[in-house]
Amino acid sequence: MDSNAFREWSTKAAEWGADYRATIRERPVRPAMTPGETAARIPGAPPEAGEPMERIFADFEDVIVPGMTHWQHPRFFAYFPANAAPVSVVAEYLVSAMAAQCMLWQTSPAATELETKVLDWLRQAIGLPDSFAGVIQDSASSATLAAVLVMRERALHWNGNKIGLSGGDRVRVYASGQVHTSIDRAIWVSGIGEENLVRIPVKGPLRGMDVEALDTAIVSDLESGYRPAGIVACTGGTSTGACDDVAAVVEVARRYGLYVHVDAAWAGAAMICEEFRTLWRGVEVADSVVFNPHKWLGAQFDCSAHFLRNPEDLVRTLAIQPEYLKTHGKDGFINYSEWSVPLGRRFRALKLWFLIRYHGLSGLKTTIRNHVAWSQSLAQRLAAEPDFEIVTDPVLSLFSFRHWTDGDMDQHNQALLNAINDDGRIYLTQTRVDGRLVIRFQAGQFEMTETDAETAFDVIVEMARKSL
Ligand SMILES: *Cc1c(COP(=O)(O)O)cnc(C)c1O
């Protein structure tokens, strides 16, 4: 593609993006599609000869877009948000155009130094002490894997990478049943093994770990000759927003020299608002904390902020220095590839820099506070209806509910959810609470307005009464 064509198609793509965002409200949030519909329209073999851009672009609009779920839709209330504020999309375009690798300081000095700076901005914004240093990981799953690897290496006296896990003491990690499945996968991939992930029961309205049970589990493991390594705590669990008492968890961890990683992938963004920080009280004494600016803060995916009290532990666990990667010259700079499992790294700091500067912390705080307030008032309105039950109260902007019926409650609520999503005006997902199927609602999309929350109420009530 020559530079004229590149300019022309870049302009076209930018115009398409702006039009898409401007008209997104007119689309159903989730497409009405059957499996295989898109695949059937794509040739089975690659073209031998190059095709004109006009045709490729037309097929994008015709074949692909109708089959997309619109995550930037203001009435996307499913899962968790994956905001890409327009300003971060602009930054991503620049990053794509430069396409630099940012694994070492010298492979892109400005990218490394900007990453250090904006992560320190974020650290201040969420109220972590300056003893923490940050790195951008591709996802919270990767940050959690890195933290679990550190737990493993610390517990094995920094020998696990060398001699492996076979034959040694069994390493143990503790978490509640409310943590994200990325914890299970980190346990599998790190070689610790699912049988050594000890599930601690939860209690209380926030469904946090029972710390006495945690203490008992650790003591019992020590007596049985296991090697306790670390604890994964969560602030804002995926299902219903469960929050562990981080301060109490760390207190137990300190007693036995364990490493504590806090997964706040979704809820961490809300910590830019001081009033929400009670949810992770004690985080300042944890060892590792992750949150995803690519969820609620508005940074285009992927962008996961991982903060560490001792990055040396992480570097000791993950740094490899073959000769061709050695940096000659001035010491004292950071090579972020030593802080993560993948070697290659995209320039992810630029979109954070654009985002934070454009919106300002106060703009971002207002957005998040609005989502919390609108979600809470929706929960109140539903609770006031005689045929609805709020199953889990709002944690920030997430709550779950059920609609009453004389028949099978699970079946009825699944049918209601399907009817709501087929309608297309809003999009919700389900979870299970103590075995019961419930419908989740979370507000977090950047373009959402209070009217969208009212629409959600109308659609939910209308569909529920219709389905009776
Ligand atoms: C979304 C989420 C994750 C996974 O995040 P990725 O960045 O997609 O890996 C992990 N934990 C919690 C609590 C989450 O909400």
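Counting starts at 1 for both ligands and their atoms, following the listed order. This is a predicted model, so every value here is computed, not measured. Note that the numbering runs from 1 along the sequence shown for the chain.
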Please find out if less than 6.0 Å separates the ring center of F291 from that of H306.
-> no
Which atoms of ligand 1 sit under 4.0 Å from any heavy atom of H294?
-> 7 (O)
Okay, side chain of R227, backbone of A155: is any donor-acceptor separation there less than 3.5 Å?
-> yes
Specify side chain, backbone, both or neither for N292, according to which of its non-hydrogen atoms lie closer than 4.0 Å to ligand 1.
-> side chain
Closest by any non-hydrogen atom to atom 12 (C) of ligand 1: pick that one out of S139, S239, A265.
-> A265
Is S182 in contact with ligand 1, taking contact as a heavy-atom separation below 4.0 Å?
-> yes
Nearest-contact summary for atom 15 (O) of ligand 1 - protein heavy atom, Å | K295 NZ, 2.7 Å
Considering only protein heavy atoms, which is closest to atom 9 (O) of ligand 1, and at what distance to one decimal place?
-> S141 OG, 2.6 Å
Sub-6.0 Å ring centroid separation between W105 and Y336 | no
Can the positive tip of R123 be found less than 6.0 Å from the middle of the six-membered ring of F132, inside 45° of the ring normal?
-> no
Would you call I460 and F388 a side-chain contact if the rule is heavy atoms closer than 4.5 Å?
-> yes
Which residue owns the protein heavy atom closest to atom 11 (N) of ligand 1, what's the atom, and how far is it?
-> D263 OD2, 2.6 Å
Can you sort out which atoms of ligand 1 are near F80, meaning under 4.0 Å from one of its heavy atoms?
-> 15 (O)
Over-ring placement of R357 relative to W353, 6.0 Å and 45° cut-offs | yes
Any idea which atoms of ligand 1 are less than 4.0 Å away from a heavy-atom of T238?
-> 12 (C), 13 (C), 14 (C), 15 (O)
F446/H359 aromatic ring centres below 6.0 Å = yes
Does NZ or CZ of R170 come closer than 6.0 Å to the centre of the six-membered ring of Y226, within 45° of the ring's axis?
-> no
Protein contact to atom 7 (O) of ligand 1 [nearest heavy atom, distance to 0.1 Å] = A140 N, 2.8 Å
For ligand 1, which atoms sit closer than 4.0 Å to a heavy atom of G236?
-> 13 (C)
Any idea which protein heavy atom is nearest atom 4 (C) of ligand 1, and the distance to it?
-> H180 CE1, 3.4 Å
